[in-house]
Colleague: 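Got a structure here, written out as structure tokens. Questions coming.
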2 protein chains.
Amino acid sequence: MYPEDGFRELDRHECLRLLAKAAVGRVVYTRHALPAVLPVNFGLDDEGAVLLRTSAASELARAIDGSVVAFEVDEVDAVAHSGWSVVVTGRATVVTDPAAHARLRPIVPRSWVPSPDEVFVRVAPELVSGRELVGGRTMYGLNLSA
Amino acid sequence: MYPEDGFRELDRHECLRLLAKAAVGRVVYTRHALPAVLPVNFGLDDEGAVLLRTSAASELARAIDGSVVAFEVDEVDAVAHSGWSVVVTGRATVVTDPAAHARLRPIVPRSWVPSPDEVFVRVAPELVSGRELVGGRTMYGLNLSA
């Protein structure tokens, strides 16, 4: 299927399954014209959109609303030299519709730093890509079939 | 020192100490005008510059040479809601000087996907920032004093 010690591209279905198993990912965006990255917890909707909660007044909400961002999740075994990473790339939008708010509340985990002016941010799954690195000697730590 | 359930900013010394303990981080850059992110292993020099090995022909080397990138490392405990993240932001440069090559060889770990045309990339530590989130109930998984 793939050469030893090489990367294997993951298809959209595999990517979404790995995303669904993760609790924390990283939002990659632009802040003051510089690349920026922030770990956050998240949820997924049925279409594979990434859903975050944050304060409406947060720098993150202001920086990414309306912009294309990347959202990355990975699991890497530094000993076995194996692992995978998945990236969702798409436009981030602060959700303002009250009906959407009610729908998202149960599926998006609470922010670890709760705030009174919490908003949801949706990252559209316009591009979903991923790759797997299988270590030369072992697949320890990597279980894509589970 | 810091409010419960809130973030604490890490100083440069703490950031560099956490970076030195990590084996894998993520390069954040721009690819075809879109945000991109890639997990990689890395080394650090005495000044806190991040050092990577990659193929000279790789998309990564071509995309980041001469550009400002971010390099992120984190450790997050999704159960305890605690963890830290550190970001080095600065210009990435493919190292072409043979003397520098010889100096870097022992301190930069080998790429997990070795290639015959390997080059070193240095990310200058122009901006080093980090933050720590201490969970409400426990600091399990987070040991900044070690």
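Note on naming: letters A, B, ... go to the chains in the order of the sequence lines (proteins, then strands), and numbering restarts at 1 for each one.
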Colleague: State, to 0.1 Å, how close B:Arg53 and B:Glu118 come at their nearest heavy-atom pair, and which atoms those are.
Modeller: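 Heavy atoms only, the tightest pair is NH1-OE1, 3.0 Å.
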Colleague: Can you tell which of B:Ser85, B:Pro39, B:Ala23 has the highest number of heavy-atom pairs within less than 4.5 Å of chain A?
Modeller: B:Pro39
Colleague: Identify the heavy atoms of B:Pro109 and B:Ile107 that sit nearest to each other, and give their distance.
Modeller: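 Closest heavy-atom pair between B:Pro109 and B:Ile107: CD-O, 3.7 Å.
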Colleague: Considering all heavy atoms of both residues, which atom of B:Cys15 and which atom of B:Val128 are nearest to each other, and what is their separation?
Modeller: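 What the structure gives for the nearest pair is CB-CG1, 3.5 Å.
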Colleague: Taking the side chain as C-beta and beyond, is there a heavy-atom pair between A:Arg105 and A:Phe120 under 4.5 Å?
Modeller: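 Side-chain contact under 4.5 Å: yes.
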Colleague: How about B:Pro125 and B:Val88: do any of their side-chain heavy atoms sit closer than 4.5 Å?
Modeller: yes
Colleague: Taking heavy atoms only and a threshold strictly under 4.5 Å, list by residue number the residues of residues 40-52 of chain A that touch chain B; give 'none' if the list is empty.
Modeller: none
Colleague: If I take atom CG from residue B:Asp74 and atom CZ from residue B:Arg26, how far apart are they, to the nearest 0.5 angstrom?
Modeller: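 Those atoms lie 4.5 Å apart.
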Colleague: Does A:Leu18 belong to the same Ile/Leu/Val/Met/Phe/Trp/Tyr cluster as A:Val123, with side-chain heavy atoms less than 4.5 Å apart forming each link?
Modeller: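 Yes; A:Val123 is reachable from A:Leu18 via cluster members.
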Colleague: Could you tell me which non-hydrogen atom of B:Pro106 sits nearest to which non-hydrogen atom of B:Arg103, and how far apart they are?
Modeller: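 What the structure gives for the nearest pair is CD-O, 3.3 Å.
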Colleague: Are A:Arg131 and A:Phe7 in a cation-pi contact, defined as NZ or CZ under 6.0 Å from the six-membered ring centre and within 45° of the axis?
Modeller: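 Because its charged atom sits under 6.0 Å from the ring centre and within 45° of the axis, A:Arg131 does stack over A:Phe7.
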Colleague: Applying side chain to side chain donor-acceptor pair (under 3.5 Å), can you list everything that pairs with B:Ser115, at least two apart in sequence or on another chain?
Modeller: B:Asp117
Colleague: At their closest point, which heavy atom of B:Leu10 faces which heavy atom of B:Trp84, and how far apart are they?
Modeller: CD1-CB, 4.4 Å
Colleague: What distance do B:Asp77 atom CG and A:Trp112 atom CH2 have between them, rounded to the nearest 0.5 Å?
Modeller: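 That separation rounds to 7.0 Å.
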Colleague: Please output the residues of residues 90-98 of chain B in contact with chain A, using a heavy-atom cutoff of under 4.5 Å, in numerical order.
Modeller: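 Against chain A, none of the residues of residues 90-98 of chain B fall inside the cut-off of heavy atoms under 4.5 Å.
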Colleague: Taking all heavy atoms of A:Val28 and all of B:Ala36, pick out the closest pair and write down the distance.
Modeller: CG1-O, 4.2 Å
Colleague: Does A:Ser129 offer a backbone N or O that forms a donor-acceptor pair with the side chain of A:Arg12 under 3.5 Å?
Modeller: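 Flag not set: sc A:Arg12 to bb A:Ser129 has no pair under 3.5 Å.
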Colleague: Do any of residues 55-72 of chain B have a heavy atom less than 4.5 Å from a heavy atom of chain A, and if so, which, in residue order?
Modeller: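 Within residues 55-72 of chain B, the residues that come under 4.5 Å of chain A (heavy atoms only) are B:Val68, B:Val69, B:Ala70, B:Glu72.
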Colleague: Relative to chain A, which of B:Val76, B:Thr89, B:Val87 shows the most heavy atom pairs under 4.5 Å?
Modeller: B:Val76
